[in-house]
Amino acid sequence: MLKRTEEFTLEDFKDKDLLVYDPFYDKRINIPIRRGGTTYNVSLIDMNEKPLHPDWTVICVHGWGSNALNYRFVLKYLSPYYRVIAYDLKGHGESDKDEDTYDLGLFTEELAQIINHFNPNNLVLIGHSMGTAIVMNYVYLNPRKIKAIALISSSADFEKPLPRIVPLVFSKVDERLKNALIHTGMALCVTKDCPKILLDILREQNKRTPYEVYRKALLNTIYPWKKDEDLNKIKEPTLIMVGDKDIVTPVSNSEKLNKLIPNSRLLIIPNAGHSVLIEKGKHAALLLLEFVEFIREQEQAKQKEERKE
């Protein structure tokens, strides 16, 4: 499905403008989400400054405990070409954090309302880790509403790579212990060669999420995700991306997804762990840019053929 992948080479981190915690603070807006008779606010980053293809929109869904800033490289490198939106799930980042179930139904409905709010003409969805379950669930429930999806560090069954003790660890902890666990846990999401400053950014991102959200999202969103039998119903062009050293969602998980989703292509990123969007951010963003451009060109060719008929 992809072209010219071999032209991309890995290089040392040089994007100094992305080293601050939130490089896009001036691009943030809040939108209201309605649920069960109440309304809460979701914080999102909307990169929409005269892109080359304004009729195409990319919406990014982050993973467990993270936030929109996990997509900092995607926001930078795709926004000159498309409108790019990355948002903080409820309970994460700068979004509201009141009491809730933090389950797959909540997060899928949240994504649906964000899509309805912007009502894009041509939409591509990108998910990372837990965010891929949200993306796949949305696509499964809303077929033919989008042009393509990208699944990064994903799985058809998230329970298998995570020890059963994890929910117990997050059941009763204070913020200091939670942050200590995050400090240790984030090191498992990158390779030993990851620059310390990037690892610090990952840790700071995940500290913004309360421990109760971690616990409920794990129990109610991650563990229930077992969709082996349904994924063949996803017909949209799908890019599956994983780091070759990912120990949270190993390469075998993505290989299984590649077999289950009919119109999919697997890319394995060398020398990258679970946090491939940060650790190999520019490389991953350029591959995603290539994928979206390929989908756009395909759509153009299809429309051209339809006009001839």
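Under a 4.0 Å N-O distance rule, the pair R28/D88 qualifies as a salt bridge. Contact check on K282 versus D15 returns no salt bridge, with no Lys/Arg side-chain nitrogen under 4.0 Å from an Asp/Glu carboxylate oxygen. Taking 4.0 Å as the cut-off between side-chain N and carboxylate O, R208 and E204 count as a salt-bridged pair. Contact check on K90 versus E109 returns no salt bridge, with no Lys/Arg side-chain nitrogen under 4.0 Å from an Asp/Glu carboxylate oxygen. The pair E293-R296 counts as a salt bridge, with a side-chain nitrogen and a carboxylate oxygen less than 4.0 angstrom apart. Residues E305 and K302 are not paired through a salt bridge, judged by the lack of any N-O separation under 4.0 Å between the basic side chain and the carboxylate. One finds a salt bridge joining K256 and D228 here, because a Lys/Arg side-chain nitrogen approaches an Asp/Glu carboxylate oxygen to under 4.0 Å.
Expressed to the nearest 0.5 Å, how far OH of Y214 lies from CD1 of I222 amounts to 10.0 Å. Atom CG of residue L18 and atom CZ of residue R72 lie 6.5 Å apart, to the nearest 0.5 angstrom. Taken from CG in D103 to OG1 in T108, the straight-line distance is 8.5 Å, to the nearest 0.5 Å. For the atom pair NE2 of H128 and CG of L151, the computed distance is 11.5 Å after rounding to the nearest 0.5 Å. In this structure, the separation between OG1 on T57 and CG on N121 is 7.5 Å, given to the nearest 0.5 Å. Atom-to-atom distance recorded for T101:OG1 and F107:CZ is 7.5 Å, nearest 0.5 angstrom.
The closest side-chain heavy-atom distance from Q205 to H92 is not below 4.5 Å. Counting only heavy atoms from C-beta outward, the side chains of I240 and S154 never approach each other to under 4.5 Å. Put simply, the side chain of V74 reaches to within 4.5 Å of the side chain of C60, judged on heavy atoms. Counting heavy atoms from C-beta outward, L239 and I126 have side chains that stay 4.5 Å or more apart. Within the 4.5 Å cutoff, side-chain heavy atoms of D100 are placed close to those of R35. Put simply, the side chain of N137 does not reach to within 4.5 Å of the side chain of L111, judged on heavy atoms. Contact annotation: the side chain of L288 approaches that of L277 to within less than 4.5 Å [non-hydrogen atoms, C-beta and beyond]. Taking 4.5 Å as the limit, some side-chain heavy atom of L125 sits within range of a side-chain heavy atom of I115.
P262 and N232 get closest at one heavy-atom pair: CG-O, 3.5 Å. The shortest non-hydrogen separation linking Y102 to K97 is OH-C, 3.6 Å. Taking every heavy atom of both residues into account, L52 and P54 meet most closely at O-CD, 3.3 Å. Contact between A285 and Y77 at its shortest, heavy atoms only, is CB-CB, 4.0 Å. Taking each heavy atom of F291 and T238 in turn, the nearest pair found is CZ-C, 4.3 Å. The heavy-atom pair separating V276 from A284 by the smallest distance is O-CB, 4.2 Å.
Hydrophobic clustering, with ILVMFWY side chains joined whenever heavy atoms are under 4.5 angstrom apart, groups L89 together with I29. Residue V20 is not grouped with residue I278 when hydrophobic side chains (ILVMFWY) are merged at heavy-atom distances under 4.5 angstrom, including chains of intermediate members. Y25 and V42 fall into different hydrophobic clusters, where Ile, Leu, Val, Met, Phe, Trp and Tyr residues are linked whenever their side-chain heavy atoms come under 4.5 Å apart, directly or through other members.
Within a 6.0 Å radius of OH in Y81, other residues, nucleotides and ligands contribute 12 heavy atoms or fewer. No more than 12 heavy atoms of other residues, nucleotides or ligands shown are found within 6.0 angstrom of NZ on K145. Within a 6.0 Å radius of CD in E49, no more than 12 heavy atoms belonging to other residues, nucleotides or ligands are found.
Between the N30 side chain and the L44 main chain, no donor and acceptor come within less than 3.5 Å of each other. Listed for the T221 side chain is no donor-acceptor partner under 3.5 Å among the backbone atoms of L218. No donor-acceptor pair under 3.5 Å is formed between the side chain of T39 and the backbone N or O of R34. Looking at Y71, its side chain does come within 3.5 Å of a backbone N or O of V61 through a donor-acceptor pair. The closest donor-acceptor contact from the side chain of D157 to the backbone of K226 lies at 3.5 Å or more, if one exists at all.
Remark: the Y40 side chain and the E110 side chain contain an N/O donor-acceptor pair separated by less than 3.5 Å.
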- Query: Would E94 and D22 count as a side-chain contact (heavy atoms from CB on, under 4.5 Å) if you check the C-alpha gap in whole Å, the side-chain angles of each, and the deciding distance to 0.1 Å?
  - Reply: CA-CA 11 Å; E94 306 304 318; D22 188 351; 5.6 Å; no

- Message: Using side-chain contact (heavy atoms from CB on, under 4.5 Å), reason through H274 and T249 one step at a time and then give a plain yes or no.
- Response: CA-CA 7 Å; H274 188 66; T249 52; 3.1 Å; yes

- Passes side-chain contact (heavy atoms from CB on, under 4.5 Å), I33 versus I114? Steps please. CA-CA 8 Å; I33 302 294; I114 289 170; 4.1 Å; yes

- Please test E299 against I295 for side-chain contact (heavy atoms from CB on, under 4.5 Å), starting from the C-alpha separation and ending with a verdict. CA-CA 6 Å; E299 190 67 19; I295 297 300; 5.5 Å; no

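The one candidate from I152, I268, N253, N258 that meets the side-chain contact (heavy atoms from CB on, under 4.5 Å) condition with V242 is I268. Here the options are I85, V84, L69, the test is side-chain contact (heavy atoms from CB on, under 4.5 Å), and the partner is I45; only L69 passes.
Residue L141 is found in a hydrophobic cluster whose other members, listed by chain and number, are Y140; membership requires side-chain heavy atoms under 4.5 Å apart, directly or through intermediates.
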Would you be so kind as to tabulate the donor-acceptor pairs closer than 3.5 Å made by side chains of residues 182-197, with sequence neighbours excluded?
unit_1, atom_1, unit_2, atom_2, d
T184, OG1, A180, O, 3.3
T191, OG1, E279, OE2, 2.3
K196, NZ, D200, OD2, 2.7

